[in-house]
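Read through the structure below, which is laid out as C-alpha cells, and then see the notes.
Here is how names work: the chains are called A, B, and so on, in the same order as the sequence lines, proteins then strands, and each is numbered from 1.
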There are 2 protein chains.
Amino acid sequence: MKYSEINLFEGISEEDVNRMAICFGAKVKKFREGATVCDYSDTGDDVGVMLEGSASMIRTDENGEVAVMELFSAGDIFGEVLAFSNEAGDSVKVVAESECEVMFIKYGQITKRCEKACEPHSRLVSNMFGLIAKKTLSLSQRIEILSKKTTRDKLMYYFQILAKRYGEEFDLPMSVTMLAAYICADRSAMTRELSRMQVDGLIEMNKKRIKLKKVA
Amino acid sequence: MKYSEINLFEGISEEDVNRMAICFGAKVKKFREGATVCDYSDTGDDVGVMLEGSASMIRTDENGEVAVMELFSAGDIFGEVLAFSNEAGDSVKVVAESECEVMFIKYGQITKRCEKACEPHSRLVSNMFGLIAKKTLSLSQRIEILSKKTTRDKLMYYFQILAKRYGEEFDLPMSVTMLAAYICADRSAMTRELSRMQVDGLIEMNKKRIKLKKVA
DNA sequence: CTCAAAATGTTGCAAATGCAACATATATTT
DNA sequence: AAATATATGTTGCATTTGCAACATTTTGAG
C-alpha cells in the first residue's frame, strides 16, 4: 500500500518512511479475517497502527463473558500500553474483522530521541499524536455511551453519534450481536428495547438500516 | 512551580520551557477549589495540562443528571479535542477539586511544525505523547469498569485496580457520592450493594477505608 | 444447492437497579 | 456555637435488565 495515504505518515516521503521503519523497529504484517492480530498476554510494548482493514479488541473473562472493547479501522492505533491494566487476567485479543494490514512499532522507540534527530522522526511523532488524540476521543465517546443508565439511552446516544456522522438514516457499522457487546448490554434485552423504541416511534429499523426519528 | 518536576517538561530546561511557552501560545492559570477550569461549550481547541492539584470533568445533562467523566491530577492532560463530541449538548465542565494550576496550550500548535524546528519543541511533543498515552490507559480502564454488568462487578474491578496500586487496604480517592457517579450507578443502589459485599465477606469498609478480602 | 453454523428474534421469570423519600451524620459558614 | 448545606445511610416499590431457552433466519462452506 501507499503509506502516504495514512495520516500516520502524512508529510513524510515514502523513502523516509522506509528509512524510519528501521529506526523505529517497525514491522508490517498482514492478517486474514478472523486471525489474531495480537494477544495482550504477550505483546509487550508494541504499538499497532491499522493501515488497512479493520479489527476489534475482544475481552473474554473467566466466565466466558465476551466483550468488545474497541473497534479499529485504518488509521487507528492500539497496543497494551495504550489499553488497560488487565487486572483480572482476562484474555484480551485484537481480532481481524476483515483482512488487514498492521504496522507494529516499539513503543519505547516512539518517544525516545532518534540519535540522528531526523526530521521525519519527529514528524511521525506529531502525526502519531494526532492518531492517539483521535483515539482518546473515541474512548471518551464510548464512556459517554456507557455512562447512560438505560439501554435505551445508550442506544439513542450512539445512534445520535452515527446520525451526526452519516445522516439521520444510516447503517449500523457492526452486527447487532456486536452492538450489544459494544454497549455492554444483554443481546436479547437490547433487541427487546430496540423493538420498544420502534413502537415508541424513536427509530425505524430494518436489518442494519436505521432511521433516527427523534433527536431526544 | 518547578516545571521540570512534571513529565511534560522532562528533559527540557526551565529556560527552554519559558521560551516554548511563547512558541506554543501556552498560558498558566491558577484556580481555587470549586472553580471552573474550563467549560467545554467555549474552550475551542485548547489542551490543558494539570500541573498541580486535581480536577474533575463533570457532565450535567438536560435532566440535571450529573456524571463524573474523568478525574485529573498532576500530569494529566485534557481538552475538548481529547474528549468527546458532545452530541446531546450537555453541559460539560472541568471543575477544580482542589486549588490547582493548569497550563493551556493551543492544540494546533502542538502538532504544527515549529518554524525554528526547535529541539525542545519536538521533545515536548514526545513527552505529551507519553501523557496522552497514559490518558488512553485510564480511559480504557474506566471502560473496563463500566463494561461490567453488575454494580458489584464494577466495584470489585475498580477496587482491584486500587488494591494493585495501593495495596489490599486503601482509601477511596474520592467521596462515596462521587464513586457512584464514577461507576455510573445510582448512589443508593451502590450503597446497598456495598453493604451486601461486606455481608458476603468480599470487602471491609469503614468510611473511605476499604480492605479487599477476596480477589474475585 | 445443501447443510451446518452463526446471527437474530422472542418470551417468561428472577434478580438487580433506579428512584423517591426519608433519617442521620458530617462539614462548612457565619 | 448555631445554623445551614452537603454527604451518607436506609427502605419499599416499580421498572429494567440479565439470563435461559427456544424458534427462525441468514450466512458461509463444501
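By the 4.0 Å N-to-carboxylate-O rule, B/E204 lies close enough to B/K213 to be salt-bridged with it. Taking a cutoff of 4.0 Å between a charged side-chain nitrogen and a carboxylate oxygen, A/E169 and A/R209 qualify as a salt bridge.
Of the possible polar contacts, one joining the A/K135 side chain to the A/I77 backbone as a donor-acceptor pair under 3.5 Å is found. Although no hydrogens or angles enter the test, the distance criterion places a donor-acceptor pair under 3.5 Å between the side chain of A/Y40 and the main chain of A/G79.
The side chain of B/E193 lies closest to C/dT17 when the candidates are C/dT17, C/dG18, D/dG18.
Following rounding to the nearest Å, B/K149 (NZ) and D/dA20 (P) show an atom-to-atom distance of 10 Å. Counting to the nearest Å, the C1' atom of D/dG9 and the CG atom of B/N206 are 14 Å from each other. The interatomic distance linking A/E33 (CD) with D/dT27 (C1') rounds to 12 Å, in whole Å. Atom CG of A/D186 is separated from atom P of D/dA20 by 9 Å (rounded to the nearest Å). Rounded to whole Å, the distance from CZ on B/R152 to C1' on D/dT17 is 17 Å. Atom-to-atom, CE of B/M156 to C1' of C/dA16 comes out at 18 Å; the value is rounded to the nearest Å. Atom CG in A/D200 sits roughly 14 Å away from atom P in D/dT15 (whole-Å rounding). Following rounding to the nearest Å, A/D153 (CG) and C/dG18 (C1') show an atom-to-atom distance of 12 Å.
Of the side-chain N and O atoms in B/T151, one or more sit less than 4.0 angstrom from OP1 or OP2 of C/dT17.
In this structure, CG in A/L131 is found 6.0 Å from NZ in A/K134, a value given to the nearest 0.5 Å.
Of the residues listed (B/E144, B/K148, B/Q141), the one engaging B/Y157 in a side-chain hydrogen bond (donor to acceptor under 3.5 Å, both in side chains) is B/E144, and it is the only one.
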Nucleotide N/O of nucleotides 4-10 of chain C paired with protein N/O under 3.5 Å:
residue: C/dT8; atom: OP1; partner: A/V176; partner atom: N; Å: 3.3
residue: C/dT8; atom: OP2; partner: A/V176; partner atom: N; Å: 3.4
residue: C/dT8; atom: OP2; partner: A/T177; partner atom: N; Å: 2.8
residue: C/dT8; atom: OP2; partner: A/T177; partner atom: OG1; Å: 2.4
residue: C/dG9; atom: N7; partner: A/R187; partner atom: NH1; Å: 3.0
residue: C/dG9; atom: O6; partner: A/R187; partner atom: NH2; Å: 3.0

